[in-house]
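First listed ligand is number 1; within each ligand, the first listed atom is number 1.
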Amino acid sequence: MSELRIDGERLWRSLMELARIGATEKGGVKRLALTDLDRQGRDQVVAWGRDAGLDITVDQIGNIFMRRPGLDPSRAPVVSGSHIDTQPTGGKFDGNYGVLAALEVVRTLNAEGIETQAPIEVAIWTNEEGSRFVPVMMGSGVFCGAFTLDHAYAAADIDGRTVREELQRIGYLGSEVPGRHPMSAYFEAHIEQGPVLEDAGKVIGVVPAVLGLAWYDCEVTGMEAHAGPTPMDLRKDALQVATRIMQEAVAIANRYPPYGRGTVGFVQAFPNSRNVIPGKVKFSIDLRNVSDDLLNRMHDELVRYIDRVRNESGMPIRIERVSYYPPCDFHRDCVGAVRAAADALGYASMDVVSGAGHDAIYAGRVAPAGMIFVPCKDGISHNEIEDARAEHIEAGCNVLLHAMLLVAGT
Ligand code: HGY
Ligand code: MN
Ligand code: MN
């Protein structure tokens, strides 16, 4: 069994083929959650799963589970997967790699005629990115009970389309009750999306933990007025106040090195006309850190600063936390299985704390979970130039195969 290896070329071909669905001119992928392109991507991966003899289940939030039977059907499956929804300027590998690496494990077991004791499953989680619909990691979050199905169903995109309507429209509003789906362990292969592995010259990242995350919606209300006649001291310029808060979000993160993170990625100014003083600004704030205590201190500093700006400006400022999960450790048995597999395969590895959120966080709330990182070029992700080396993609999938076999048994 130790000589068993996946077919790296087959995996790479599938990655490039799936990347054609939503391909952008710059070589990235734009496949937003629950769009027609997401449906096409789902249909493609499900078709590959059926070709591999897998049984398909879809739950009520659109999570897809593709099962390969085991010799002992009484055992809960060992599951591996990720997401195929992307950022607007996404890449070929974020999420897609984890889903197709799991499929490649199945294809390898089929090709070698290997039966596992526990069933093996490939999972595709709905709306991991949280770009079109908030909260982030939506499908896995409903699955583990982090938030309710109704809360997720009601989430609407910028055009007012809801998750429920879009799931129905693309044909992936399944029947299984989310979470009523046993897992004995969960593994997720993913590009690191940062520079640590590449800088250290390592092939495999063993992921012990993930940073905690807090997402906020912030809204500043001023008053539209003419950019010409309105004297500077009489203005209620919502954008000027909003930019102070945006700057402070980043300043707070810089006061909490090395893991403090602060990002403002989404901004809407109304009416967004060059000669109208903005009357309303809506924007997002993304804070992260390695301990809940530090994340809470960053939260408190942000709220205090907004109180101060609200008093100084006299403008209504609304802030709402719309996504949150605390920092978490992955299960020692899964982390150990990944490390043992990397060592047995002779890959240079190191521990890497994940700055990015992953479905494995929520899967880890209902079963032991672990992750496998591989380097990405220049540590760049959430960018159309995202890239990875075929040999690293193959290595990560070999580690996934052997970590899963360690747990599933043969
Ligand atoms: O935001 C994240 O960390 C993930 O990419 N959804
Ligand atoms: Mn991802
Ligand atoms: Mn992502």
| request: May I ask you to check whether Ala356 has an N/O atom sitting below 3.5 Å from an N/O atom of ligand 1? | output: no
| request: Specify which N/O/S atom of His190 comes nearest to the Mn ion (ligand 2), by atom name. | output: NE2
| said: What I'd like to find out is whether the side chain of Met138 reaches to under 4.5 Å of the side chain of Trp125, using heavy atoms alone. | reply: no
| field | Taking every non-hydrogen atom, the tightest pair across Pro278 and Val281 | value | CB-CG2, 4.4 Å
| Every N, O or S from the protein that is nearer than 2.8 Å to the Mn ion (ligand 3) | Asp94 OD2, Glu129 OE1, Glu129 OE2, His382 NE2
| note | Atoms of ligand 1 under 4.0 Å from any heavy atom of His382, numbered from 1 in the order shown, are 5 (O)
| query | Which ligand 1 atoms does Val136 reach within 4.0 Å, using its non-hydrogen atoms? | reply | 6 (N)
| Salt-bridged, Asp343 to Arg339, with N to O below 4.0 Å? | no
| field | The single option from Gln168, Arg164, Arg169 passing side-chain hydrogen bond (donor to acceptor under 3.5 Å, both in side chains) against Glu166 | value | Arg169
| request: Measure the distance from atom 1 (O) of ligand 1 to every protein heavy atom, then report the residue, atom name and distance (to 0.1 Å) of the closest one. | output: Arg288 NH2, 2.8 Å
| message | Evaluate Glu128 for polar contact with ligand 1, using N/O atom pairs at a separation under 3.5 Å. | response | yes
| field | Criterion side-chain hydrogen bond (donor to acceptor under 3.5 Å, both in side chains) against Arg132, the qualifying member of Asp159, Asp85, Asp157, Thr35 | value | Asp157
| query | Backbone N or O of Ala340 within a donor-acceptor pair of the His402 side chain at under 3.5 Å? | reply | no
| query | Phe143 vs Phe65 aromatic rings, parallel, tilted or perpendicular, using cut-offs 30° and 60°? | reply | tilted
| query | Quick one: are Leu34 and Asn127 in side-chain contact, heavy atoms under 4.5 Å? | reply | no
| Does some side-chain heavy atom of Ile285 sit less than 4.5 Å from a side-chain heavy atom of Ile245? | yes
| Nitrogen or oxygen of Gln87 less than 3.5 angstrom from that of ligand 1 | no
